Visitor: 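A single structure is presented below for examination.
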Amino acid sequence: MKQTIHIDGKEVPFKEGQTIMQAATEANVYIPHLCHHPDYEPHGSCKLCTVKVNGRNCTACTFPAMEGQEIENTSIQLQEDRKRIIQMLFVEGNHLCPSCEKTGNCQLQGVAYHLNMLDNHYPHFFADRAMDASHPDILIDHNRCIFCNLCVRASQQQDGKNVFAISGRGINKRLIVNSKSGQLKDSDIDVNDCAAHICPTGAILIKRTGYQTPIGQRTYDQQAIDQVTLSREHEQHDG
Amino acid sequence: MKHFIQKVVTDNQFKPVRLLAILRAVQTEFTYIPKEAIEIIAELLNIERTQIISVVEFYSFFHLQPRGQYDILISDSITDQMLGKDALMKYFSSQLNIKVGEVRADGLVSLDNTSCTGMCDQGPAGLVNGYALTRLNKQRIDDIVHLIAQQKPVNEWPEHFFTVNDNIHQSGFLLDQEITHGDALQAMLKRGISQTLDEINLSGLRGRGGAGFNTAMKWQYCAEETASQRYVICNADEGEPGTFKDRFILTNYAHQVFEGMTVCSAIIGATQGFLYLRGEYLYLYDQLQTILEHRRKLGLLGHHILQSDLNFDIEICLGAGAYICGEESALIESLEGKRGIPRNRPPYPVTQGYLNKPTVVNNVETFLAAAKIAISGGRTFARLGTEKSSGTKILSISGDCSLPGIYEYPFGTTIKQVLTDCGADDVLGVQVGGPSGIFISDREFDRVLAFEDLATGGSFIVFNNKRSILDIVKNFIHFFAHESCGFCTPCRVGTSLLKKQLYKIIDGHGSAGDVIALDELCQLVKNYSHCGLGQTAANPVLSTLQRYPEIYQDQLKQISFEPGFDLDASLETARTLANRNDAKAHLTQVEE
């Protein structure tokens, strides 16, 4: 028997074991997200993909699709609240888009545009965060880390290593590197690792590749993030 | 160092799930977790060093930098503050000649704040090298400063510094008398195991931690799972400020709690149980181990319990300073030797809990009640309380009352009754259920203790009319920001923003719109957070804003906008660099 859920009134089929996010992506319905990536186990921490399931807030990337669910995804309230959540990420770190190499390719920026974020709303934390430029090919700028955990998962699940981990508690949360010195150069990361390329923001960058595509011609300069994400992740879900 | 760690890890059977126990031992030995120790542990346990570092950084009682030989922590609960904690802390810090949060240059002593230590009925309280100190006053601080100067080992300090009184003032069905060891198990074996579950079901017992999930249902779900192994966990991570009833129960009724766990194990088919004891109750650890040993000798734990075919044993695991570990899935993560991050649900612990096996997690008081119900039957219990909240509830009462301590009441008891019994007058309001609960005003004292009205895990803090609502809220909001695990955005960033926004208003920097902004932020943190901590973190503001909006409004400046930061304070770095502090180096905002 075909099973379906409804997202904003639209009938969406799903297979047993799928999350709401997976079912939505297959049906070409975009749900904003940052910590979710179809290749990796869902994490459920950024909370941007929060949807209202039968009146209750649920994280779409972790919550299983179940027959008969009535899901709200694009209500004004949800979009406004998601904007506030992404604003929280902006003030927590130090995100200076105009001077960041990732601008135009940055998912944080892309989702922020999608949610019509025009200011930071909240006071900045001005967190004192370091850079790790020790590695010959890879740079970490902790100012831009949003703790999506994707590099941690990519290193474990794809690269078969354990280069990154999340440490600290609460607002003192931080990304750490698995090496005796704590520096990236002493870890076993390789420039071709998935973990080196997965960062949705400009926190992990490959050296000597900056500005090869001029600003204005980059991914989200050409097409909005919902379209890019759907075509990209649709394939991955199908594959 | 290598030899010491080798021994500790061997004692813990090279099990990565015992990481907290191993780190506790290392922290005690060296006053911190040295880098070298991390490398050795990682190698011996065959885990990543990053797992160890992340665990060390997560728990308040672990440190990457050395602490003093005498590490003193003072409880920062609102109840301690009401007993004069702030002045005592100042005195302590001046007598020891260190700033709060620092280690003295000679490495002898360190002083800092800590979240509620569960001694609210006998504060101001603290911890020295992990052991609970009660009833601190200037005299005692002088004595402690002297003992430290003499470098007297903590175990040679006067015993009465560490005395924890029971302060029980009212008992009922649960506390009138402890059951005779083994009686609940005998009754269960006689009646039949599934019939005993029926009795628990008849009793209507709901979880005593505060959430109130039906206990029989939880046990049944767990029993119905197909699995090779199941676990029983007793949640003794009593971290909600103002709660100390589990401390009392484990001091006086531990046999009964362990018996309740054993009844549960038989019903769900578990052979292994854990008592997760909050690190602040370290002083109870040895006596609880003795009781477990005693029960093994009596044939009430171990193989063939009471000559039946039941096998069950209990291990005690200590926490290390993290309120979030009271959340059941965070507690399970912690038991597995990890950071206490609440898991995504589903799956729930009854299907995938400890080591992904079906697991029942219940509060200390729930197991205490289950043991009693196994003897007396479900109906006796169900006759007490209200229809939706059967039985009795054990309260920890503290704050402005003449008789703080432990009280047992049938559900349905009015707040008025409780206030009369504990000797509270001139009452402004009561915080029911701790900071995550609700603040009720003096117009609501006819309300009752019950899941359908005022639910509480046991915390009951009384405030008289001399107290300031904003001081109370400030303390609670600081607590949540400090204890947020940091997993999800709305709680990690939101609780810190909430603290900033509230302080802005309290410190007189708020202007029109700031209270609305505060309320909006509360709704976000409440509606979007991952777990109960975030979902309740805004309650102190929400419940007082609803009742006393004028208190917040009165704090606001009569100007249209104030920035979210202190203009003048932000210039401090510039003043330092320019080496000047004259009037022109200062700024104040003036309304044009």
Side-chain angles (χ1 to χ4, degrees), chain A residues 34-35 41-48 50 52 56-59 61-64 77-78 80-82 84-93 121-126 146-149 152 156 161-182 187, chain B residues 35 38-39 42 47-60 64 321-322 324 339-347 480-497 499-501 504 517 520-521 523-530 534-535 563-565 570:
Chain A
L34 286 171
C35 72
E41 261 175 48
H43 196 238
S45 64
C46 77
K47 298 297 170 197
L48 279 168
T50 305
K52 213 160 221 155
R56 209 178 117 223
N57 283 347
C58 293
T59 311
C61 71
T62 60
F63 206 78
Q77 181 77 55
L78 276 171
E80 280 300 304
D81 290 351
R82 286 171 182 161
R84 290 285 178 252
I85 293 171
I86 206 163
Q87 283 167 325
M88 287 183 180
L89 289 173
F90 270 90
V91 298
E92 182 190 25
H121 187 73
Y122 298 116
H124 276 279
F125 283 76
F126 297 117
I146 56 167
F147 313 114
C148 67
N149 201 259
V152 178
Q156 285 170 352
K161 302 178 183 178
N162 240 308
V163 173
F164 298 105
I166 298 283
S167 192
R169 184 169 92 188
I171 200 69
N172 299 315
K173 193 174 181 178
R174 64 193 192 106
L175 181 70
I176 57 171
V177 170
N178 190 3
S179 69
K180 216 169 167 177
S181 66
S187 75
Chain B
K35 250 187 168 170
I38 293 173
E39 296 295 327
I47 58 175
E48 301 296 334
R49 62 167 74 77
T50 41
Q51 184 188 337
I52 303 172
I53 297 168
S54 68
V55 165
V56 172
E57 288 195 343
F58 189 85
Y59 295 92
S60 295
L64 288 172
I324 188 61
R339 306 189 302 148
I341 305 285
R343 294 177 177 175
N344 284 305
R345 303 141 188 261
F480 286 118
H482 175 69
E483 295 293 347
S484 168
C485 81
F487 173 75
C488 72
T489 316
C491 179
R492 180 182 72 247
V493 188
T495 54
S496 281
L497 284 172
K499 187 171 149 180
K500 281 185 189 211
Q501 183 68 10
K504 181 185 178 189
E520 186 207 75
L521 193 50
Q523 299 298 342
L524 276 169
V525 175
K526 183 187 166 90
N527 295 330
Y528 289 87
S529 289
H530 178 66
Q535 287 156 13
F565 58 97
S570 306

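Residue numbers begin at 1 in each chain, while the letters A, B, ... track the order of the sequences. No hydrogens, no waters, no symmetry mates; every other heavy atom, side chains included, goes into these values. Treat the numbers as computed from the prediction; the structure is a model and nothing was measured.
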Visitor: I'd like to know whether NZ of B/K499 has more than 12 heavy-atom contacts from other residues, nucleotides or ligands below 6.0 angstrom.
Guide: yes
Visitor: Can you tell me which of A/I86, A/L89, A/V177 forms the most heavy-atom pairs within a distance under 4.5 Å of chain B?
Guide: A/L89
Visitor: For B/C485 and B/P342, which heavy atoms make the closest approach, and how far apart are they?
Guide: SG-CD, 3.8 Å
Visitor: So which part of A/H124 gets closer than 4.5 Å to some heavy atom of chain B, the side chain, the backbone, both or neither?
Guide: backbone
Visitor: So which atom in B/S496 and which in A/F125 form the shortest heavy-atom distance, rounded to 0.1 Å?
Guide: CB-CE2, 3.6 Å
Visitor: Show the nearest heavy-atom pair for residues B/I324 and B/E483, with the distance to one decimal.
Guide: CB-O, 4.3 Å
Visitor: Between B/E39, B/Q51, B/R345, which shows the greatest number of heavy-atom pairs under 4.5 Å with chain A?
Guide: B/E39
Visitor: For B/R339, is it the side chain, the backbone, both or neither that has a heavy atom under 4.5 Å from a heavy atom of chain A?
Guide: side chain
Visitor: Examine whether an atom of B/L497 lies under 4.5 Å from a heavy atom of chain A, and if so say whether it belongs to the side chain, the backbone or both; otherwise answer neither.
Guide: both
Visitor: Return the option, out of A/A165, A/P64, A/G182, A/C46, with the maximum number of heavy-atom pairs under 4.5 Å with chain B.
Guide: A/C46
Visitor: Can you name the nearest heavy-atom pair linking B/Q535 to B/S529, along with the distance?
Guide: NE2-O, 3.0 Å
Visitor: Specify the closest pair of heavy atoms between A/M88 and A/Y122, including all atoms of both residues, with the distance to one decimal.
Guide: CG-CE1, 3.8 Å
Visitor: Under 4.5 Å heavy-atom distance to chain A, tell me which part of B/Q523 shows up: side chain, backbone, both or neither.
Guide: neither
Visitor: Of the backbone (N, CA, C, O) and the side chain (C-beta and beyond), which part of B/T495 lies under 4.5 Å from a heavy atom of chain A, both, or neither?
Guide: neither
Visitor: Quick check on the interface: out of B/Y528, B/Y59, B/F58, who has the most heavy-atom pairs with chain A under 4.5 Å?
Guide: B/Y528
Visitor: Between A/F63 and chain B, with a heavy-atom cut-off of 4.5 Å, which part of the residue counts as in contact: side chain, backbone, both or neither?
Guide: side chain
Visitor: Check whether B/N527 gets within reach of chain A through its side chain, its backbone, both or neither, counting any heavy atom under 4.5 Å.
Guide: both
Visitor: Just so I understand: if I count every heavy-atom pair under 4.5 Å between each of B/Q501, B/K35, B/H482 and chain A, which residue has the most?
Guide: B/H482
Visitor: With a 4.5 angstrom heavy-atom cut-off, is it the side chain or the backbone of B/A517 that approaches chain A, or both, or neither?
Guide: neither
Visitor: Could you look at A/L78 and say if it's the side chain, the backbone, both or neither that has a heavy atom under 4.5 Å from chain B?
Guide: both
Visitor: Find out whether B/P490 and A/I85 are in side-chain contact, i.e. whether some heavy atom of one side chain is under 4.5 Å from a heavy atom of the other.
Guide: yes
Visitor: At a 4.5 Å cut-off on heavy atoms, which part of A/I146 comes close to chain B: side chain, backbone, both, or neither?
Guide: backbone
Visitor: Are any non-hydrogen side-chain atoms of A/V152 and A/L175 less than 4.5 angstrom apart?
Guide: yes
Visitor: Can you name the closest pair of heavy atoms from B/I38 and B/I52 and give their distance?
Guide: O-CD1, 3.6 Å
Visitor: Pick one of side chain, backbone, both or neither for A/D81, based on which atoms fall under 4.5 Å of a heavy atom in chain B.
Guide: both
Visitor: Looking just at side-chain N and O atoms, do B/R492 and A/S45 make a donor-acceptor pair shorter than 3.5 Å?
Guide: no
